[in-house]
Amino acid sequence: MSYSRSIDKKWQKIWEESKLYEFDRDRLDKKLYCLEMFSYPSGANLHVGHWYNFGLADSWSRMKRMQGYNVFHPQGFDAFGLPAENFAIKTGIHPKDSTYKNIETMRRQLKEMGASFDWDYEAITCDPEYYKWTQWIFLQLYKNKLAYRKNAPVNWCPSCKTVLANEQVVDGECERCNSDVIKKNLTQWFFKITEYAQELLDCLPDLDWPEKTKKIQTNWIGRSEGALIEFKVENSDAKFEVFTTRADTVYGISYVVLAPEHDLVDKIVTPGQREAVEEYRAQVNKASEIDRLSTTREKTGVFTGAYAIHPLTGKRVQIWVADYVLAGYGTGCVMAVPAHDYRDYEFATKYNLDIIRVIKGAEETDDTLPFVEDGFLTNSEEFDGLSSGKARQAIVDRLAKEDRGEHKVTYRLRDWLVSRQRYWGAPIPVVHCPDCGVVPVPDDQLPVELPYNVVFTPDGESPLSKCEEFINTACPACGKPAKRDSDTLDTFVCSSWYYLRYPDNKNSEKAFDTDWINKILPVDKYVGGAEHAAMHLLYARFFTKALRDMGYLNFDEPFLSLVHQGIILGSDGQKMSKSRGNTVTPDDYIEKYGSDVFRMYLAFGFAYIEGGPWSDEGIKAIDRFVGRIERIIQKLVSERDLAHLWGSGMGTDEKELNYVRNYTIKSVTHDTEQFQFNTSIARIMELVNAIYKYDSVKKKNRGLLEDTIEDLIKLIAPFAPHFAEEMWETIGKTTSVFNEQWPEHDEKALVKDEIELAVQFNGQVKYKINVSADADNKEIEDTAVNDPRAGAYTEGKNIVKVIVVKGRLVNIVVK
RNA sequence: GCGGAUAUGGCGGAAUUGGCAGACGCACUAGAUUUAGGAUCUAGCGGGAAACCGUGGGGGUUCAAGUCCCUUUAUCCGCACCA
């Protein structure tokens with residue numbers, strides 16, 4: 001029977017019945033945790049991206065399995081999220097119903113892929129058995145002072161009376177009703193990830209992660225060394241601190257700027273300026289986050305009427321508000337040095353503020369203002385002449401002595417806002433009591449279950465706060481009537497610990513058993529999209545470190561080794577999208593070619609970490625390749641009893657076949673380990689070509705040919721698992737090929753008797769010579785120089801030098 | 001604006017990290033076979049009559065450069081008034 005969809009089904013059934021992929025909980029010395037980022041169960045079918053991620057990570061883990069590793073390879077679903085809720089608003093179908101239906105479809109399709117998942121360890125984040133522990137972790141963080149509440153703005157649509165996600169805000173307008181979106185402050189929960197900023201940075205160098213990703217995390221954390229400098233407000237007891245990395249320019253301050261949202265603004269603004277400031281603040285509030293962060297936008301600001309006192313010179317400097325200063329970063333205020341900062345220069349020019357040079361460039365440097373590089377101080381009292389670097393130290397030292405400043409490290413990283421004003425997420429397990437305040441729900445009352453009967457129509461209140469039986473409860477502390485928190489948790493919270501739940505997914509006593517988790521974790525290979533480089537990966541690292549410090553686990557990092565797959569584009573080279581009409585539907589191809597052909601094309605057609613454009617011609621080629629393997633194997637089997645075909649010699653043809661066989665084993669092992677699946681398949685194609693070539697020999701060495709075919713099937717098995725099982729059976733085997741040992745190459749077979757070398761004259765290849773493989777440099781040089789063809793290139797010239805590169809070439813330098 | 005990446009035949013992509021550029025495959029061409037084939041098998045296939053020229057462009061280092069250095073261009077991605 002030739003390879004097709006029915007072969008897939010045959011082996012999927014056998015695998016399931018024989019529990020082939022069951023994880024061995026006892027053999028932990030060679031454990032290997034291979035994990036792909038789990039996926040959101042969307043209504044559509046599995047797309048090419050899922051296949052590319054899951055299918056090929058599975059190929060990698062299948063090779064590891066055959067190499068003797070006890071592979072733990074679970075799968076699950078990141079099942080909470082906005083799309084299900086939007087779908088409910090549109091169709092009236094409950095998120096729970098649509099989500100579980102989607103999960104069922106996806107699970108079936110994942111099984112049809114033929115991946116070696118052990119489904120006994122599945123985790124679904126919207127199961128109460130799962131989010132019970134998400135809530136428990138929230139409470140652990142709360143009890144360890146890593147979760148706290150503060151005000152933070154949300155996108156608010158005044159017409160829909162609802163909170164919008166960033167993606168629902170289009171050009172500052174609500175995507176549903178086009179009203180202007182404004183910002184509204186709500187009290188929300190935060191996780192104190194900044195507490196771990198330094199450790200998150202320090203552990204990066206030792207991770208086997210793409211350098212690009214480490215760089216993204218480094219930039220995201222954004223450590224910067226500088227100073228805090230205190231300013232007093234004139235005629236007031238108010239004071240504020242600014243953070244700066246350029247304390248050397250402190251004598252160049254000509255004004256200071258507060259973020260419009262800064263608490264101090266109300267206190268210091270003068271009556272004459274109040275109206276202007278209020279108007280400006282209203283304007284800033286209307287501007288969307290995106291607008292405000294745009295570089296092309298003209299800088300604006302308003303004078304508050306108040307003055308601050310320069311901490312060193314005692315001079316008065318104006319206090320402005322401007323939206324280029326962000327409330328959430330640093331201290332929310334900056335000192336402005338127009339002479340040495342582009343933004344301040346632009347602002348000062350526009351509003352006619354002083355520009356004071358305090359840094360000179362070294363000689364021969366063009367230091368026209370604004371001059372933003374380091375240099376030497378001027379106009380800076382006793383610090384004149386110091387280099388910028390030395391001045392930063394000296395100036396802050398003096399400020400520190402006078403108690404008006406200090407050296408300070410800040411991070412760009414902000415605390416993680418986890419409150420979402422939505423229904424389809426894990427409820428935040430706290431109760432708000434009029435008497436006791438915030439009261440955590442006791443562990444024995446977890447999970448706080450999502451009520452099913454809720455109304456989704458957006459009318460100003462979130463579905464949970466409208467649900468009486470959910471929202472009204474008794475205070476766990478005093479028993480009096482109290483209200484539950486009506487917000488749910490960011491889905492990134494759910495996905496920050498799922499890799500810990502998989503190995504112990506049925507534990508009803510704990511989130512996971514510490515001893516067990518310490519044996520199976522960390523994840524040895526994590527595979528998923530580069531779009532998660534900053535947020536998900538950072539959050540998961542934070543969770544691991546926080547849980548470690550609470551004593552629930554003993555390792556520092558969740559993911560030791562990380563690979564990002566590339567993106568498969570449409571055949572037009574554009575990103576796949578329904579509107580472009582260039583999407584590829586895996587199901588159609590699987591129906592036509594079988595899942596192994598689809599998977600193998602994904603392996604062969606692209607550099608894994610790059611991705612690239614889809615090609616229908618490419619998948620046809622793989623279909624032919626599979627047929628080619630099948631035919632040669634069937635031919636061998638049918639010829640087994642034809643004695644006249646068989647000999648036993650080990651001549652040139654046999655050595656050549658054996659060479660290719662061993663070279664293929666070596667290359668595929670190496671390349672697959674590195675996720676270089678395209679070259680792995682290329683080598684296997686070469687092996688098949690070599691087998692075809694050898695097949696035309698009159699008297700074939702049957703033992704060698706049989707062994708080579710067996711190796712071929714094993715080598716292809718990770719990429720075409722169903723097909724390989726079928727071929728394994730065809731040659732007469734009765735057990736699974738996945739219980740076989742991965743082949744190892746024989747170094748002796750790779751040593752050739754005679755090798756070909758290129759002969760170059762002045763670096764240009766002119767001809768080739770054959771020498772015996774053990775020839776020394778002198779022999780090689782003589783053979784090359786004495787070759788009859790050499791004369792044409794040496795005539796009338798002198799041989800200056802001869803360079804022999806063993807196994808590669810000879811370069812003869814002539815003059 | 002800052003940061004990162006990429007650039008190789010008609011196409012997807014290789015190149016052991018400084019050592020024969022174009023592996024493998026597609027497309028194309030020719031032959032064989034078949035009642036037929038969009039099947040199969042075999043062979044050819046960067047450009048150029050050739051000398052030679054060829055890894056986005058220009059320069060350099062080296063016996064030797066796709067690979068290292070300088071410079072420049074284009075495309076893509078990430079981040080962003082981060083003080």
Side-chain angles (χ1 to χ4, degrees), chain A residues 210-213 215-216 218-220 222-224 226-227 242-246 249 256-257 259 290 292-299 322-326 328-337 340-344 346-347 410-414 530-531 533-534 567 571 573 575 601 604-607 609-610 612-622 624-625 627-628 631 666-667 670-671 676 678-689 692-693 695-696 756-768 800-815:
Chain A
E211 287 306 318
K212 192 176 72 176
T213 308
K215 192 152 244 164
I216 288 170
T218 305
N219 292 341
W220 191 269
R223 179 189 155 99
S224 74
V242 301
F243 176 76
T244 179
T245 54
R246 290 300 304 271
T249 64
V256 293
V257 190
I290 294 141
R292 198 168 152 183
L293 298 179
S294 159
T295 32
T296 49
R297 191 153 155 272
E298 202 186 338
K299 294 185 185 5
D323 67 359
Y324 77 91
V325 174
L326 301 179
Y329 184 75
T331 58
C333 26
V334 305
M335 57 180 225
V337 184
H340 305 293
D341 181 283
Y342 291 120
R343 288 162 314 221
D344 299 344
E346 191 188 321
F347 194 84
T410 57
Y411 301 88
R412 176 189 176 276
L413 181 69
R414 296 176 213 168
E531 67 274 16
I567 297 171
S571 47
K575 215 168 188 167
Y601 169 60
F604 179 66
F606 313 86
I609 58 171
E610 308 287 336
W614 175 268
S615 155
D616 276 348
E617 297 307 318
I619 195 169
K620 279 185 204 161
I622 295 294
R624 284 204 291 270
F625 174 55
R628 197 167 148 82
R631 281 189 297 277
K666 187 178 178 179
S667 305
H670 173 266
D671 291 359
Q676 287 162 7
N678 54 346
T679 50
S680 297
I681 303 289
R683 297 293 86 80
I684 296 173
M685 286 172 167
E686 285 169 355
L687 176 59
V688 172
N689 290 343
Y692 266 82
K693 195 171 171 199
D695 186 59
S696 61
E756 189 188 62
L757 293 179
V759 179
Q760 298 181 332
F761 285 84
N762 293 340
Q764 284 192 326
V765 179
K766 297 298 182 187
Y767 53 85
K768 310 273 174 85
V800 183
K801 202 189 235 183
V802 179
I803 292 141
V804 177
V805 182
K806 262 271 172 69
R808 304 241 170 246
L809 53 76
V810 182
N811 189 13
I812 301 167
V813 186
V814 294
K815 237 182 185 173

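Residue numbers start from 1 in every chain, and the chains themselves are labelled A, B, ... in the order their sequence lines are given, proteins ahead of strands. We use all heavy atoms of the structure for the numbers below, so side chains are in, but hydrogens, waters and symmetry mates are not.
In this structure, CH2 of A:Trp614 is placed 16 Å from P of B:C26, rounded to the nearest angstrom. Protein atom CG of A:Leu326 is 16 Å distant from nucleotide atom P of B:C79, rounded to whole Å. As a whole-Å value, the separation of A:Leu809 CG from B:A21 P is 9 Å. Distance, A:Ile684 CD1 to B:A14 P: 16 Å, rounded to whole Å. As rounded to whole Å, 14 Å separates atom P of B:C20 from atom CD of A:Gln764. Look at NZ on A:Lys212: it is 13 Å from P on B:G4, rounded to the nearest Å. The CD-P distance, from A:Glu531 to B:C76, rounds to 19 Å in whole Å. Between the CZ atom of A:Phe604 and the C1' atom of B:C26 there is a distance of 9 Å, rounded to whole Å.
At the heavy-atom level, A:Gly612 lies under 4.0 Å from the strands shown only through sugar-phosphate atoms. Among the atoms of the strands shown, none is found under 4.0 Å from any heavy atom of A:Lys575. Using a 4.0 Å heavy-atom cutoff across all strands shown, A:Ser615 reaches no nucleic acid atom at all. In this structure, A:Arg624 reaches the sugar-phosphate backbone alone: every heavy-atom distance under 4.0 Å involves primed, P, OP1 or OP2 atoms, never a base. Using a 4.0 Å heavy-atom cutoff across all strands shown, A:Gly618 reaches no nucleic acid atom at all. Using a 4.0 Å heavy-atom cutoff across all strands shown, A:Asn689 reaches sugar-phosphate atoms only and no base atom.
Taking all atoms of both residues into account, the shortest heavy-atom contact from A:Met335 to A:Arg246 is CE-O, 3.5 Å. When every heavy atom of A:Ala259 is checked against every heavy atom of A:Leu326, the shortest pair comes out as CB-C, 3.9 Å.
Here B:U71 is in the anti range [glycosidic angle more than 90° from 0]. Shown here, B:A49 is classed syn by the O4'-C1'-N9-C4 or O4'-C1'-N1-C2 angle, which is within 90° of 0. With a glycosidic angle no more than 90° from 0, B:G9 adopts the syn conformation.
Comparing B:A65 with B:A50, their P atoms are spaced 24 Å from each other, to the whole Å. For the C1' atoms, the distance linking B:G58 with B:G19 amounts to 25 Å, nearest Å. For the P atom pair drawn from B:A74 and B:C26, the interatomic distance equals 37 Å after rounding to whole Å. Atom P of B:A64 sits at a distance of 38 Å from the matching atom of B:C76, rounded to the whole Å. The separation of B:G1 from B:C11, taken at their C1' atoms, amounts to 37 Å, rounded to a whole angstrom.
Comparing B:A80, B:G13, B:G25 against the side chain of A:Ala607 picks out B:G13 as the nearest. Listed nucleotides: B:A27, B:C52, B:A23. Nearest to the side chain of A:Lys766: B:C52.
Checked by atom type, the side-chain pair A:Arg628/A:Asn689 shows a donor-acceptor distance below 3.5 Å. In the model, A:Tyr324 has a side-chain atom that pairs as donor or acceptor with a side-chain atom of A:Asp344 under 3.5 Å.
Under the 30°/60° scheme for interplanar angles, the aromatic rings of A:Tyr601 and A:Trp614 are found to stand perpendicular.
With hydrogens and angles disregarded, no donor-acceptor distance shorter than 3.5 Å links the side chain of A:Asp671 to the backbone of A:Asn678. Side-chain N or O atoms of A:Asn811 include one that pairs as donor or acceptor with a backbone N or O of A:Gly763 at under 3.5 Å.
Base pairing of B:C68: its partner is B:G60, meeting the Watson-Crick or G-U wobble criterion (both donor-acceptor distances under 3.5 Å). Nucleotide B:U35 is matched to nothing when pairs are restricted to Watson-Crick or G-U wobble geometry with both distances under 3.5 angstrom. Of all nucleotides present, only B:A5 satisfies the Watson-Crick or G-U wobble test against B:U75, with each distance under 3.5 Å.
Of the side-chain N and O atoms in A:Tyr324, none sit less than 4.0 angstrom from OP1 or OP2 of B:A83.
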Fill in: nucleotides 63-68 of chain B: protein proximity per nucleotide (B base, S sugar-phosphate only, - neither; heavy atom, under 4.0 Å)
BS----

